[in-house]
Amino acid sequence: MRTLTRSEKEINVLILKSNIKTKRDVARVNQVFSQINSIKRWSVDLEDWERVLKVESTIFSCENIAVILERFGYECSELNH
């Protein structure tokens, strides 16, 4: 039986709406997120009108992700449905 590490137990799944619109934007965000170890996985739905951004992270909140992306010209906010 495998024991989960602390980070595996505490992954936050963040759902945000964003202004990431193109594959070029996705590549740019990938450059940013790939440098951050606490972001385990992420995806963006370019087909959805809200450009839903899903981020799995061990420490970040939606506000943290918004601040990071704002530095690179993108906007996002927590999606409340």
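In what follows, residues are counted from 1 in the order of the sequence shown. When reading the values below, keep in mind they use all heavy atoms of this one structure, side chains included, and skip hydrogens, waters and symmetry mates.
You'll find the side chain of Leu53 reaches within 4.5 Å of the side chain of Leu69, heavy atoms only. Annotation: side chain of Ile11 is in contact with side chain of Thr58 (closest heavy-atom distance under 4.5 Å). In this structure, Ile65 and Cys76 have side chains that are in contact, with non-hydrogen atoms separated by less than 4.5 Å.
Taken from CG in Asn19 to CD in Glu50, the straight-line distance is 12.5 Å, to the nearest 0.5 Å. For the atom pair CG (Leu16) and NZ (Lys54), the distance works out to 12.0 Å, reported to the nearest 0.5 Å. Atoms CG and CZ, from Leu46 and Arg51 in turn, are 6.5 Å apart once rounded to the nearest 0.5 Å. In this structure, NZ in Lys17 is found 8.5 Å from CG in Asn80, a value given to the nearest 0.5 Å.
Residues forming a side chain to side chain donor-acceptor pair (under 3.5 Å) with Glu75 (at least two apart in sequence, or on another chain): none.
The cluster map of Ile, Leu, Val, Met, Phe, Trp and Tyr, joined by side-chain heavy atoms under 4.5 Å apart, puts Val44 and Ile68 in the same cluster. When the side chains of ILVMFWY residues are joined at heavy-atom separations under 4.5 Å, either directly or via intervening members, Val13 and Leu79 end up in a single hydrophobic cluster.
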Just distance, no hydrogens or angles: give the donor-acceptor pairs under 3.5 Å from side chains in residues 26-36, sequence neighbours left out.
from	atom 1	to	atom 2	distance (Å)
Arg28	NH1	Phe72	O	3.1
Ser34	OG	Asn30	O	3.0
Ser34	OG	Gln31	O	3.2

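Under the 3.5 Å distance criterion, the side-chain polar atoms of Ser38 are left unmatched by any main-chain donor or acceptor of Ser57.
Partner Phe60 forms a side chain to side chain contact (heavy atoms under 4.5 Å, CB included) with one of Ile39, Val67, Asn12, Val55 and no other, that one being Ile39.
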